[in-house]
Amino acid sequence: ETGVTQTPRHLVMGMTNKKSLKCEQHLGHNAMYWYKQSAKKPLELMFVYNFKEQTENNSVPSRFSPECPNSSHLFLHLHTLQPEDSALYLCASSPRTSNQPQHFGDGTRLSIL
Amino acid sequence: GIQVEQSPPDLILQEGANSTLRCNFSDSVNNLQWFHQNPWGQLINLFYIPSGTKQNGRLSATTVATERYSLLYISSSQTTDSGVYFCAVGEYGGATNKLIFGTGTLLAVQP
């Protein structure tokens, strides 16, 4: 899905570090999403943004802090993460937040030491 | 919330064989997508199919919304078809377009 770009592809960090994941979409979409995929589990929605406004927070711990400065960019700021936060983090976008397919980036594989 | 069940959980095929993957969901949906996740974790869109039938090469999908299920057909399978196939649905009338994913079908195609 080259229309949605995520960086970095891999990230290893200690529990006391602060890092950010970046997502950029080139599809002219208005809605953006963060999903988490832990080992042996299906994808779980974390956050939804529609026209830069957060419309859903799926009870995500505050050590994950999303930011959406415009409809094309989405960040996930990470601080004081736990080993169980190691997972594949996927970003997606769609034209709007209903009745439209979502397009996914390639994900960031995060490992917490 | 809506429940999504996929079957079978695992499937091993010989190259050239055909297969059918099933997705059952517990409530009305306004969005249904099939994805293929390759061994590198990339999630590839296969179909956006909240209802009806679509075909794309060796793959086709059918969703019968009134009976709350969708089927993904893979014909003449190839080793590159290996990976996990996910069905994901959006709840009808939901405030956001969040997708609820099934647990997936792990497909291994052997040469």
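Model, not experiment: these values are computed from the prediction. Reckoned from all heavy atoms, side chains included, excluding hydrogens, waters and symmetry mates. In what follows, every chain begins at residue 1, and chains take the letters A, B, ... in the order their sequences are listed.
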CD on Gln100(A) to CG on Asn30(B), rounded to 0.5 Å: 10.0 Å

Drop me the distance from Lys98(B)'s NZ to Met46(A)'s CE, to the nearest 0.5 angstrom. 13.5 Å

Provide the closest heavy-atom pair for Gln102(A) versus Asn45(B) in the form atom of the first, atom of the second, distance. O-ND2, 3.1 Å

Under 4.5 Å between any side-chain heavy atoms of Gln37(A) and Phe86(B), yes or no? yes

Establish whether Leu72(B) and Leu13(B) are linked, either directly or via other cluster members, by ILVMFWY side-chain heavy-atom contacts under 4.5 Å. yes

Nearest-0.5 Å distance that lies between atom CZ in Phe101(B) and atom NZ in Lys41(A): 16.0 Å

Is it the case that over 12 heavy atoms from other parts of the model lie below 6.0 angstrom from the CD atom of Glu5(B)? no

Could you state the interatomic distance from CG (Leu43(B)) to OH (Tyr35(A)), rounded to the nearest 0.5 Å? 10.0 Å

Decide whether Leu45(A) and Val29(B) are clustered together by the hydrophobic rule: side chain heavy atoms of Ile, Leu, Val, Met, Phe, Trp, Tyr closer than 4.5 Å, transitively. no

Given the rule that I, L, V, M, F, W and Y join up when any side-chain heavy atoms are under 4.5 Å apart, are Leu88(A) and Phe104(A) in one cluster? yes

Please check this pair: side chain of Gln33(B) against backbone of Pro101(A), looking for a donor-acceptor N/O pair closer than 3.5 Å. no

According to a 4.5 Å side-chain heavy-atom criterion applied to Ile, Leu, Val, Met, Phe, Trp and Tyr, with indirect links allowed, do Leu90(A) and Val84(B) form part of one hydrophobic cluster? yes

Contact check, side chains of Phe35(B) and Leu43(A), non-hydrogen atoms, under 4.5 Å: no

Between Pro42(A) and Gly102(B) the two heavy atoms that sit nearest each other are CB-O, 3.2 Å

Single-linkage hydrophobic cluster, 4.5 Å side-chain cutoff, Val109(B) and Leu106(B) together: no

